Amino acid sequence: MSNPMLEVRNLRTEFGSEAGRVTVINDVSFSLERGKILGLVGESGSGKSVTGFSIMGLIDPPGEVTGGEILFNGQDLRQLPEHQMRSLRGNRIAMIFQDPAMTLNPVLRIDTQMIETILAHETVSKSVARDRARDALGMVGIPSPEERLHAYPHQFSGGMRQRVAIAIALLHSPDLLIADEPTTALDVTIQAQILAVVQRLARERGTGLIWITHDLSVVAGLADHVAVMYAGRIVEYGDVGTVINRPRHPYTNGLIGSLPSNNQRGTRLRQIAGSTPAIAQLPQGCAFHPRCTQASDACLIMPPQTEYDGRRLRCFHPVTNGKAT
Amino acid sequence: MTLWIVQRTLQAALVALAMALIVFLGLNLIGSPIETLLPPEATHEERLRLIADLGLDQPMHTQFFLFLKGMAQGNLGISYVYKEPAIELILSRLPATLELALFAVLLSLVIGFPLGLIAGYRPDSFAAKAIMTGSILGFSLPIFWVGILLIMVFSVTLGWLPSSGRGSTVTILGVGWSFLTWDGLRHMILPAFSLSLFNISMVTRLTESGVREAMSSEYVKFARAKGLSPRRIMSVHVFKNILIPIVTVVGLDIGTTIAFSIVTETIFAWPGIGKIIIDSIAALDRPVIVAYLMLVVLMFVLINFVVDILYRILDPRIRLQGE
Amino acid sequence: MKLRPILLSALCAAALAMPVNAEDLMIGVGGTATSIDPHFYNASPNNSIAMQIFDRLTERDASGQLLPGLAERWEAVGELQWRFLLRPDIKWHDGEAFTADDVVFTFDRARDVPNSPGGFGGFLRAVASVEAADDATVLITTKAPAPNLPGDLANIAIVSRHAGEGADTSDYNSGKAAIGTGAFRFKEFRQGDQITLERNPDWWGHDVAWDTVTYRVISSAGGRTTAMLAGDVDIIDTPAAADLERLRSTAGISVDSTPGLRVIYLVGSPLTGAQMQFIRGPNGEDLSENPLADVRVRKALSIALNRQAIVDRIMEGTATASGQWLPEGAFSYSPDIAVPEQDAEAAKALLAEAGYPDGFRLTVHVPNDRYPNAPAVVQAVAQMWTRIGVQTTVESLPWITYSAKMSEFAIKLLGLGNATFDASSMLINVLGTADKERGLGASNDSGYSNPKLDEMTAAALSIYDDAQREQALIAAVKLALEDGAILPLYQQTNTWAMREGLTYAPRIDERTLAKDIMVK
């Protein structure tokens, strides 16, 4: 991959507290090209949202990005002063969040919230900004956009609100859009609609999209690449077909195996034994090994990321067609 | 909407009536105004005559009925002590208290709000810690002590401000207001400040917690993700959201400030209704006490009403739900 | 060109119109005058104001001596008449002439102001009729011999018929009817806030130092002190005892005081009704008789007290220990009535003699918001009584409750302002056997009754010869004290603090009169 739009190398973010510092994401590396979609998958607490915020530069004290590089169009975002980072946000890099009811300010009108985004990065007249806002609403499929501009967020349904958020995010045709679980809070049917909208727009504008989710099945139909996170690290990363159809990491394997679609009706859902460790109390070595059926003493050392079978893998005992090696 | 107004008015009327009844009965239990009013040299005839004049020789229910009858005609009784209609007595003193209380509330907003914004925006800074500690002082220091301290420093020692009383007034709509004259303002600063101290602390803390909550909210995160400037985020996104609880609390607080300006008015000899009510309670001047309490009820109802309306204006979620 | 002479003459006129003595006086007072109507309410603050706007037939000076007022001379005509000869050429504030007819009108009016707490009727009780013999002579006929009448009339402000006829209290408050003959004219009445008066240049009395006088109400003593210290007022009344040190030692402020007429005393009830709940035997048992009915017990309670200690330590010098109820120099004050010395042993002996060798339990009542330091005083009293075996508890109540229940108390603390400037008001109102028809005992709710005392009082008050009357009153006082009718504690001191350069003769009647505040 030459000159990817985004290249994250060995990213590390820590949170400090009374109990000491905790490393929430560790040695995270991936890249994204224009117009491509990366699915970032993991359970809650795996560090996937923190990864998104770290890229945006929205990690607040007591948290801090402490290591690695975030190369955006060749520029390391970590080196940028805040005001320059601010000019990128909402402009060249955008983000949408999980619950649109909370992300849109309930006491401000939709047009206010859209126009301010335009005016934050461009000097145009209010009426021009307004027109663009209206067009953006139309583009995400909101009917009667002219009237809807006057409305308040609570007058929209959940799905509509998320469309508005997407419209806002795409106002300046960013190079990168980070979507942090945007459909988790929505109805399943709406979910599909939102997915479709985002996918279409991303392709049309050549926007790179990072789709953060805990739902592997969503990623399967949407992304070009997928990165699976566990306990703050990426354990498997590669082309979506490769990873989903032929998972090599025991965790990924377990995830896919537990999908309802992969289970037979009437039989018990397969689950991964045990539970995710707390980020402050990670086991020595590979964080997954206490739950892993393939674990051995070798796993007491953190496995490095290696190229394996067409993907990047962090495991000493990869799974092969359901069997360990 | 009209129905709502009618409802509220009826509620207020009921509360006022209940209040009058309680006061009537309560005052009767405490003692008699006659002994307080009569000079020791008063003769028996004078005593009897006064009792008859004030209508205190009638049974309680007759007295209450007469009171209600008078109220229907807009007459709340004649003060035993001043021999003026109780309503006029109170209304003539009300502007002084109103302007003091409103000035105090204004001060609390003008001082407390910015302090709270600073403290909430950077909660770990030295300024924030200093402000929050200072606000505790504002709660804990008793008004009478603060008032006298202010007088000692600014009037006695420095001689910058007058020690008591109300300044010259300008008459508008038949009522004298002192905040329109420089002399009036000079007289009002110290009492308004000592009256507002508690409010300043409250507004500061309210604003601070509101800002902190807003700053950690999703919509502020989203606003930052949009690349908005911190000034825009504070002045539009955060501001409008914290305005709602502040308006509610401050609105109710106006009522309390007016009703309890008594201590400040006594220390600074401010001729408002606070002093009248204290004197009336000491003298058991029932018409004035009842009239005052009715006014307080009316005031609280009005203020609640206004706050409700403001609330509807500020929070669009409430507005549309109601309709 | 024409402007110059006009301007010049305008300036001259302005200069001439400037009063030579353009001084304004600001007085800080603790009490609120409730009305300008001089007959509305007989209380010190109201009277202080009334005495500036209106004059009386006779006046009192600072030490209580009777002086001519609107009447130049007066003489008794037989036993039932007084003739008052009025000063000539006195004008009302509106320019009308003052005549005897105004006096006639006043007496009718003062007795009965509708809806007012009043208090002036007592002074006119003795009057049967008033007539104007001519424009300058007033003839008053009394129902019985009334040697005290001139003194009583020093309380009745004279108002005019032409302004006062049909006027009610609010007309006085608005100034419409506030037409007097006094040293000052009414200017403004801001109820409970301040009263402004301006000099009456035609006043018949002495030179007055002020063009405008403002009585500003500052009800908190601390507030008065700070106003004085800040220079916002020129003079204040009744500074708090705790502030006297500071005021005295501040450069530019002087303090002046005199023992006043107001006496603080204890009065016990000899009755065996509701009072008995406050008196019990030494072990809490019920008693069949009231110990306070025995004069020996009353005497014991009196000599158990160390009045000087109370005055020194609790009143901090703002009172004078007293064995009677008048300050030195007042009419019918007796120099040979001493302040009782404390003698605990003798007190215990008296109690034993009266049949209470083990003492008894007593509750003493005190109002907590009417007389300065009263609760602390009564605490001290209770301690002193407990030491002689009378186990005493203190009940402290707000005045509104206290005054309603006073007649039920066993022994209580009270004060008397004394409107007659002699011993008679106590003798008649507080100690006289309650008798509505004769107007006796109006304030007697303890049930004290001493027919001999009533006789002596009545007799004394019909003696026209001043010296003889004084001796007769003193004899009555001595009888009352020996009978333990009341236990006087102290006379309250009346204090004023003023800026250096002013002088005011402290009055025994607590009033602050702007016309008597002089520049040194």
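Below, chains carry the letters A, B, ... as their sequence lines are ordered, and counting in each starts from 1. Source: prediction; values computed, not measured.
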- Quick one: does C:Asp232's side chain have a donor or acceptor within less than 3.5 Å of a partner on B:Ser163's backbone? yes
Q.
I'd like to know if the side chain of C:Arg216 and the backbone of B:Ser164 have a donor-acceptor N/O pair within less than 3.5 Å.
A. yes
So OH of B:Tyr82 and CG of C:Asn173: to nearest 0.5 Å the spacing works out to 10.5 Å
Smallest heavy-atom separation, B:Ala282 atom then C:Ile400 atom, equals O-CG2, 2.7 Å
Heaviest contributor of heavy-atom pairs below 4.5 Å to chain C, chosen from B:Leu161, B:Leu284, B:Ile151, B:Ile281, is B:Leu284
One should read off an interatomic distance between C:Arg190 CZ and B:Arg166 CZ, to the nearest 0.5 angstrom, of 7.5 Å
Smallest heavy-atom separation, B:Lys83 atom then C:Asp168 atom, equals NZ-OD2, 4.0 Å
Tightest non-hydrogen contact, residues C:Phe40 and B:Tyr80, listed as CZ-O, 4.5 Å
Interatomic distance, CD1@B:Ile34 vs OG@C:Ser403, rounded to 0.5 Å, equals 10.0 Å
By side-chain hydrogen bond (donor to acceptor under 3.5 Å, both in side chains), C:Arg499 pairs with (sequence neighbours left out) C:Asp234
Heavy-atom closest pair (B:Arg49 atom, C:Val113 atom, distance to 0.1 Å) is NH2-O, 3.3 Å
Turns out that what part of C:Leu440 lies under 4.5 Å from chain B's heavy atoms comes down to backbone
Sorted by chain and residue number, the salt bridge (charged side-chain N to carboxylate O under 4.0 Å, His left out) partners of C:Asp152 (sequence neighbours excluded) come out as none
For B:Val156 and C:Thr226 the tightest heavy-atom approach is CG2-O, 3.6 Å
Bottom line for B:Phe154: the part with an atom under 4.5 Å from chain C's heavy atoms is neither
Under 4.5 Å to a heavy atom of chain B? For C:Tyr402 that would be neither
